[in-house]
Novice: 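Let me begin by handing over the structure; questions about it come next.
Everything numeric in this text was worked out from a predicted model, so none of it was measured. A, B, ... follow the sequence lines: proteins, then strands. Residue 1 opens every chain.
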Number of protein chains: 2
Amino acid sequence: MIRVVLAEDQGMVRGALATLLNLEDDIEVVGEAADGDEALAVAVRTRPDVALLDIEMPGKDGITTAASLREALPDCRIVILTTFGRPGYLRRAMEAGASAFLVKDSPAQELAAAIRRVLAGERVIDPALAAAALSAGPNPLSPRERDVLAASADGSTIGDVAVRLHLSEGTVRNYLSSAIRKTSARNRIEAVQTAQRQGWL
Amino acid sequence: MIRVVLAEDQGMVRGALATLLNLEDDIEVVGEAADGDEALAVAVRTRPDVALLDIEMPGKDGITTAASLREALPDCRIVILTTFGRPGYLRRAMEAGASAFLVKDSPAQELAAAIRRVLAGERVIDPALAAAALSAGPNPLSPRERDVLAASADGSTIGDVAVRLHLSEGTVRNYLSSAIRKTSARNRIEAVQTAQRQGWL
DNA sequence: GACCGGGGATGACAAATGTCATCGTGAAGC
DNA sequence: GCTTCACGATGACATTTGTCATCCCCGGTC
């Protein structure tokens, strides 16, 4: 039996996926979690063969959880499941030690198939997505530019961001300006959207 | 047997939910769709007892689909399923003739339960969400304010919006200004976010 | 030692944004 | 008939945002 831990914040989706997997006669869901921290705790307790992690979760996201899990349980394979096939997500997931990267758009059968392939030592990545991630190149933003852009994403004014990050307003403007240039955007809103679409935040 | 049509754009979620429902011995999924138009076509063909519609779908969204379905098949009950429990969504879903409004956060068992209750003539709404929708009041934005705000949501400049909506730049600024005031926001970005959170766009 | 890149800051300037008063139109509503 | 309100527009004005040049400090690295 392949022992699986499933982390997904939406209860209905989590329940449905668990049912789906339990119907496979070589797969058994031995633990469920609604956020990253819970997933880590459950995995350490149940020592599964595979951890299925959603990226978009409150608190600790799936990619960060993957990195922690890699340290705690090096033998546990990690399958990342996400709504958004963003190039930066894929890149970071791979760096965090994931063995597979699935988008929820794909058919339901692929989930069990991916789990089996991962356990057989394969890596499972949508070829189109892999190509997109490679052609998009790495995140061009410096860490600080990324911070400032992320802090601007919620509609905060430059003054707000300056206070929150303990910077001068001029510095915030400078970082935003270079982030806008690097994302080929026309203003900060477009810059935020491009960065999010690429998975750079 | 309760005959159900399921519309949900994410293949993996759709498959899992269909499996979940088919396990119930009084429920049968007789059709699946990945967007609103497809859902309508499938429903007209299969004449189900209940249509389960996701709101967030490409093309025709679940609420619009509900309204069309209400006309085409007045006897078909409608269950709305959504990721976001936004007050405006609930309000519009009810106006479109939905019998139930479920958020994906809730446990998986509630789905089948809601379908049975709806078929028994009940309406199913999370009480907390209903209270939020009532206390939030109706959408304060005028139709045109809503248009302009929606057109600004993707980072377009005022000039872009003016061209797209065939308005003068000054008019766009005026509508944005009043939308900002009505949403108690400090700038257009906050206004967009508030409006989206409330389900006003 | 010279050079570069990232972080942080300042000042000046242009462009975009937000606010306000004001005007005109037409459709409802009392 | 009068009022109200959404729609559309103009002009003036203050504020915010975006750009650029320039400076300092520091840690690498050639």
Side-chain angles (χ1 to χ4, degrees), chain A residues 88 91-92 95 136-201, chain B residues 88 91-92 95 136-201:
Chain A
R91 184 177 297 261
R92 282 191 279 152
E95 284 167 4
N139 188 340
L141 302 174
S142 80
R144 217 57 181 135
E145 284 162 359
R146 187 197 144 282
D147 291 343
V148 171
L149 197 58
S152 308
D154 64 344
S156 296
T157 112
I158 286 183
D160 293 342
V161 176
V163 170
R164 206 170 338 146
L165 267 49
H166 307 292
L167 291 173
S168 88
E169 299 205 3
T171 304
V172 173
R173 282 220 294 271
N174 289 338
Y175 281 132
L176 272 181
S177 183
S178 75
I180 290 168
R181 185 161 24 80
K182 287 183 178 177
T183 51
S184 329
R186 286 177 304 170
N187 54 49
R188 112 181 61 168
I189 316 178
E190 279 192 356
V192 165
Q193 294 195 334
T194 301
Q196 283 176 340
R197 186 160 16 92
Q198 296 291 330
W200 289 339
L201 295 188
Chain B
R91 185 177 296 262
R92 281 191 280 151
E95 284 167 5
N139 188 341
L141 301 175
S142 81
R144 219 55 182 136
E145 284 162 0
R146 186 198 145 282
D147 291 343
V148 171
L149 197 57
S152 308
D154 64 344
S156 294
T157 118
I158 285 182
D160 293 342
V161 176
V163 170
R164 208 173 334 149
L165 266 49
H166 308 292
L167 291 173
S168 89
E169 299 205 4
T171 304
V172 172
R173 282 218 294 269
N174 288 339
Y175 281 131
L176 272 180
S177 184
S178 75
I180 290 168
R181 184 162 24 79
K182 287 182 178 177
T183 52
S184 329
R186 287 176 304 170
N187 54 49
R188 117 183 50 175
I189 316 177
E190 279 191 357
V192 166
Q193 295 196 333
T194 301
Q196 282 176 340
R197 186 159 15 90
Q198 297 291 330
W200 290 339
L201 295 188

Novice: To the nearest Å, give me how far apart CZ (B:R186) and P (D:dT17) are.
Specialist: 9 Å
Novice: Send over the distance from B:Y175 OH to C:dT17 P, rounded to a whole Å.
Specialist: 19 Å
Novice: For C:dT10, does the base pair up with any side-chain atom of A:N174 as donor and acceptor (N or O, under 3.5 Å, distance only)?
Specialist: yes
Novice: Does D:dT19 have OP1 or OP2 under 4.0 Å away from a side-chain N or O of A:R181?
Specialist: no
Novice: Of all heavy-atom pairs between B:A191 and B:A185, which one has the smallest distance, and what is that distance?
Specialist: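 So the two residues come closest at N-CB, 3.4 Å.
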Novice: Please report, rounded to the nearest Å, how far the P atom of D:dC25 is from the CG atom of A:L167.
Specialist: 19 Å
Novice: Would you say B:R188 reaches C:dT17's phosphate, i.e. side-chain N/O to OP1/OP2 under 4.0 Å?
Specialist: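 Yes, because at least one side-chain N or O of B:R188 sits under 4.0 Å from OP1 or OP2 of C:dT17.
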Novice: Taking CG from A:L176 and P from C:dG7, how many angstroms apart are they, rounded to a whole number?
Specialist: 14 Å
Novice: For B:G170 and B:P143, take the nucleotide of DNA chain D holding the closest heavy atom to each; which residue's nucleotide lies nearer the 5' end?
Specialist: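 Nearest nucleotide further toward 5': that of B:P143.
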Novice: Would you check if B:R91 and B:N139 make a side-chain contact, meaning some heavy-atom pair closer than 4.5 Å?
Specialist: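 Heavy-atom side-chain distance check fails, nothing below 4.5 Å.
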Novice: Which nucleotide wins on minimum distance to the side chain of A:S168, given the candidates C:dA9, D:dA9, D:dT17?
Specialist: C:dA9
Novice: When only distance counts, do a donor and an acceptor, one from the side chain of B:R173 and one from the base of C:dG18, lie under 3.5 Å apart?
Specialist: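 For B:R173, whose side chain was compared with the base of C:dG18, there is a donor-acceptor pair (under 3.5 Å).
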Novice: Give the minimum heavy-atom separation between A:V161 and A:A151, together with the two atoms involved.
Specialist: CG2-O, 3.7 Å
Novice: How close or far is atom C1' of D:dG18 from atom NZ of A:K182, stated in whole angstroms?
Specialist: 16 Å
Novice: Which heavy atom of A:D154 sits nearest a heavy atom of A:S156, and at what distance?
Specialist: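 Taking A:D154 first and A:S156 second, the nearest heavy atoms are OD1-OG, 2.7 Å.
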Novice: With a 4.0 Å limit, can you tell me whether A:T171 has a side-chain N or O closer than that to the phosphate oxygens OP1/OP2 of C:dA9?
Specialist: yes
Novice: Quick check on C:dG5: is either OP1 or OP2 less than 4.0 Å from any side-chain nitrogen or oxygen of A:S142?
Specialist: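 For A:S142, the contact criterion (side-chain N or O under 4.0 Å from OP1 or OP2 of C:dG5) is not met.
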Novice: Send over the distance from A:L165 CG to C:dG7 C1', rounded to a whole Å.
Specialist: 12 Å
Novice: Among C:dT17, D:dC7, C:dG18, which nucleotide has an atom closest to any side-chain atom of B:S177?
Specialist: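 Closest nucleotide among those given: C:dG18.
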Novice: Using whole Å, what does the distance between atom P of nucleotide C:dT19 and atom CD of B:E169 come to?
Specialist: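 Distance, rounded to whole Å: 17 Å.
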Novice: So, B:S178 and B:E145: side-chain donor and acceptor under 3.5 Å apart, yes or no?
Specialist: yes
Novice: Tell me: CZ of A:R146 to P of C:dG6, nearest whole Å?
Specialist: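 After rounding, the reported distance stands at 16 Å.
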